[in-house]
Amino acid sequence: MVRPTQLLHPQREPAPVRAAATVLLLRDTPEGVEVLMTRRSSTASFAPGAYVFPGGRIDEGDTTARSIATRRRTQSRVQLTQAIAAIRESFEELGVLLAHHPDGRPVSAEEVASMDRSTATTTVAFADQCVERGLLLSTDKVYTFAHWITDRDLPKRFDVPFLVARMPEGQTPTADETEQFEPCWVRPSDALARHAAGSFFMIFPTLRTLERLAAYKTVDAVLDACANRHAGEGPLWTSCPRAGMLAGQEARYMEADSPYGELAMVSPDGQIVHALDWQNEHAVPLLKNVQRLTAPNPSAMTGPGTNTYIVGDAATGYIVIDPGPNDFDHIGRLWRATRGDIRLIVCTHSHADHSPGALPLQKLCKTQPPILGLASRPTARSTARFTPDRELKDGERLILAPQPSTDKGEAAAHTHTLRVVHTPGHAANHLCLVLEEDGLLFSGDHVLNGSTTVVDPPDGNMNAYLDSLDKLDATCAEGGVAFILPAHGYVLGEARAAIAHLKAHRLKREARIAAAMRQLPQGTPEDWLPIAYSDVPERMWPVAARSLAAHVERIQQSTKP
């Protein structure tokens with residue numbers, strides 16, 4: 001866990017969340033699924049003027065309506081209450097009532113029209129009107145599609161299930177003209193296009209929900225996905241977004257989006273204070289003791305460029321991790337970012353975008369720091385030769401600490417300990433580093449964000465790579481590592497989940513390769529490649545061929561008698 005003393009910004013407690021519920025009323029059309037949306041009042045305290053789905057806060061009295069609510073066997077009491085609230089809100093706001101008679105007859109439009117929406121200010125009043133007419137709420141036909149928790153930076157926050165239900169036949173939505181206006185039926189793809197054109201404003205959760213909804217061709221397909229979720233009743237996804245600045249504008253992200261982990265590390269409380277733009281001119285502060293300077297070498301292989309990390313502070317001096325290519329400007333910027341006070345230079349491995357900058361950076365420093373790492377092995381390519389001043393041992397600790405005269409409390413706040421973890425696989429001489437005080441893993445090329453590591457035999461080895469992933473998982477578990485700082489891409493959060501996802505992806509790819517080998521037992525890697533990587537753009541196949549070779553080697557080893 002990152003020490004609070006190392007956070008760049010003072011933290012504040014996010015606003016408390018309030019329980020709410022919203023419902024996506026759906027209908028089938030020849031052109032596809034349509035969803036009922038309505039425009040919020042321009043004076044609303046939350047999302048004014050936005051097009052939304054009907055819904056609102058869950059009232060304490062919503063539980064009292066359970067006596068007239070029908071319930072699926074798999075539907076929890078919480079889900080039942082949420083469904084009641086959503087049905088009540090859709091009635092109050094749009095005059096749409098999901099209800100039926102005890103004999104199964106649907107509620108008629110005339111019965112709905114006879115009910116008083118203007119006095120339905122409490123759940124009791126709404127429930128009483130249903131009881132008077134002998135109606136039961138069709139809560140068993142309401143399913144959970146998504147679960148959203150309002151972003152931590154906003155002053156008003158809600159914990160909201162996004163429910164789905166089929167629009168009752170014969171009813172016509174009519175806005176209350178107080179909270180909601182202009183009810184309209186719209187296909188998700190059309191709503192997204194109109195939003196992009198600036199004529200249909202929607203907030204982030206609505207947009208992302210419509211993006212997912214657009215994948216379904218029928219209402220039955222939507223309801224079936226919710227009813228038969230692999231993990232049982234519950235949302236298809238849950239998200240509490242985070243926001244940063246991109247190109248001068250606020251940009252929001254879900255947990256699976258690549259910037260999410262970085263935002264979680266830099267600004268845990270959700271304040272919008274971190275710029276996500278990739279640039280090479282200045283080091284980007286991530287914490288008080290961690291900076292990132294990205295080399296100006298973007299490409300299909302390096303993404304936005306190779307990340308050089310600077311660990312330490314003015315009281316301790318600095319360790320530079322992966323000085324990058326031998327680029328004059330990049331090395332000069334590293335020197336300026338550290339004021340030349342570099343104590344150690346560490347290379348995670350010998351590849352040409354990681355280690356060549358080490359020697360010129362060392363020579364630039366007045367007191368030349370030692371270059372540490374593992375020497376390249378005989379299997380390394382000629383472009384990846386590297387010899388450190390000293391080889392690092394697995395488990396060795398590199399410590400930056402202030403002068404002994406510093407008081408103990410201040411010394412603890414400024415001490416930075418990097419533990420070495422040998423991780424062959426991507427390269428035979430690959431290593432990672434754990435910043436123990438803050439639970440950070442500097443993963444080099446072993447774990448990346450936004451791309452998959454190439455394992456290129458003979459220096460790369462798939463068995464070693466997968467074993468090293470297991471080793472990193474154990475390291476994260478033992479050391480409380482929450483964040484991974486890769487050599488390419490943003491910081492990754494949920495370190496162990498990211499490692500597990502990466503291993504699962506590798507094994508899934510291996511299964512495809514093994515299937516291709518069985519399909520063409522007399523084939524060659526060139527024959528298997530288009531089958532196993534049919535889901536990858538063809539322009540990337542030359543790179544994929546390297547990892548395919550590593551998987552083939554592993555498969556063939558495992559099948560030897």
Side-chain angles (χ1 to χ4, degrees), residues 18-27 33-59 61-62 65 82-99 107 109 111-123 125-127 129-130 137-139 142 145-146 148 150 154-188 190-192 194-195 198-210 213:
R18 308 174 188 182
T22 190
V23 60
L24 284 68
L25 295 170
L26 308 175
R27 72 180 185 185
V33 175
E34 289 184 339
V35 60
L36 182 59
M37 301 190 71
T38 182
R39 180 175 59 80
R40 285 181 61 80
S41 166
S42 59
T43 60
S45 60
F46 184 81
Y51 280 87
V52 297
F53 315 117
R57 293 180 59 178
I58 296 176
D59 291 338
D62 279 320
Q82 293 168 342
I84 292 168
I87 290 174
R88 173 179 55 78
E89 288 285 346
S90 66
F91 170 71
E92 293 175 3
E93 294 179 352
L94 296 177
V96 174
L97 179 59
L98 279 73
V107 63
E111 288 174 298
V112 176
S114 72
M115 297 175 66
D116 190 351
R117 292 165 59 191
S118 65
T119 60
T121 55
T122 68
T123 305
F126 167 68
Q129 291 189 75
C130 291
L137 301 181
S138 302
T139 39
V142 179
F145 186 65
W148 288 96
T150 305
L154 296 175
K156 184 177 284 189
R157 304 180 65 216
F158 299 95
D159 186 323
V160 194
F162 277 46
L163 309 174
V164 287
R166 187 184 295 277
M167 175 70 182
E169 291 186 9
Q171 297 188 38
T172 302
T174 306
D176 61 11
E177 301 296 327
T178 301
E179 294 184 32
Q180 307 295 345
F181 301 83
E182 302 174 14
C184 61
W185 288 99
V186 61
R187 287 192 304 163
D190 290 341
L192 293 167
R194 291 166 63 184
H195 173 83
S199 62
F200 201 81
F201 170 61
M202 295 181 287
I203 59 176
F204 183 80
T206 310
L207 291 166
R208 286 300 182 95
T209 300
L210 289 175
L213 186 63

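Numbers here are sequence positions counted from 1. Here the structure is a predicted model, which is why all the values come from computation and not from measurement.
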- Item | Pairwise distance CG(Asp190) to CZ(Phe200) - rounded to 0.5 angstrom | 9.5 Å

- Note on the structure: When rounded to the nearest 0.5 Å, the distance separating CZ of Phe201 from CZ of Arg39 is 12.5 Å

- Task: Looking only at non-hydrogen atoms, find the nearest pair between Leu25 and Ser90 and report the distance.
- Result: CD1-CB, 4.4 Å

- Query: CG/Asp62 to CD/Gln82 distance, rounded to the nearest 0.5 angstrom?
  - Reply: 10.5 Å

- Donor-acceptor contact below 3.5 Å, side chain Glu89 vs main chain Ala21: no

- Please report the closest heavy-atom contact between Trp185 and Glu34, naming both atoms and the distance. CB-OE1, 3.5 Å

- Here the pair of heavy atoms bringing Leu210 nearest to Pro188 is O-CB, 3.6 Å

- Check: Val52 main-chain N/O paired with Thr206 side-chain donor or acceptor under 3.5 Å: no

- Task: Classify the side-chain pair Trp148/Thr22 by whether it contains a donor and acceptor separated by less than 3.5 Å.
- Result: no

- Glu93 CD to Gln180 CD distance, which is reported to the nearest 0.5 Å: 4.0 Å

- Inter-residue atom distance Leu26.CG - Met167.CE, 0.5 Å rounding: 11.0 Å

- Heavy-atom nearest pair, Cys130 first then Leu137, reads SG-CD2, 4.0 Å

- Message: Under the criterion side-chain contact (heavy atoms from CB on, under 4.5 Å), I'd like the reasoning laid out for Glu182 against Tyr51: C-alpha separation, chi angles, the key distance, then a yes or no.
- Response: CA-CA 9 Å; Glu182 302 174 14; Tyr51 280 87; 2.7 Å; yes

- Query: Can you find a heavy atom in the side chain of Phe126 that is under 4.5 Å from one in the side chain of Ile87?
  - Reply: yes

- Message: Looking at Thr150 and Arg157, would you say the former's side chain and the latter's main chain have a donor-acceptor pair under 3.5 Å?
- Response: no

- Query: Is a side-chain N or O of Gln171 found less than 3.5 angstrom from the main chain of Leu97, in a donor-acceptor match?
  - Reply: yes

- Query: Between Val186 and Ala191, what is the shortest heavy-atom contact and its length?
  - Reply: CG2-N, 3.6 Å

- Task: Ignoring hydrogens and angles, tell me if any N or O in the side chain of Arg40 forms a donor-acceptor pair with the backbone of Ala50 under 3.5 Å.
- Result: no

- Message: Looking at Arg27, I want to see if its CZ is surrounded by more than 12 non-hydrogen atoms of other residues, nucleotides or ligands under 6.0 Å.
- Response: yes

- In this structure, are over 12 heavy atoms from other groups packed under 6.0 Å from Glu177 atom CD? yes

- Item | Shortest non-hydrogen separation from Ser42 to Pro48 and the atoms involved | O-CB, 3.4 Å

- Answer yes or no: is there an ion pair linking Asp176 with Arg117, defined by an N-O contact shorter than 4.0 Å? no

- Item | Separation between CD of Gln129 and CZ of Phe91, rounded to the nearest 0.5 Å | 5.5 Å

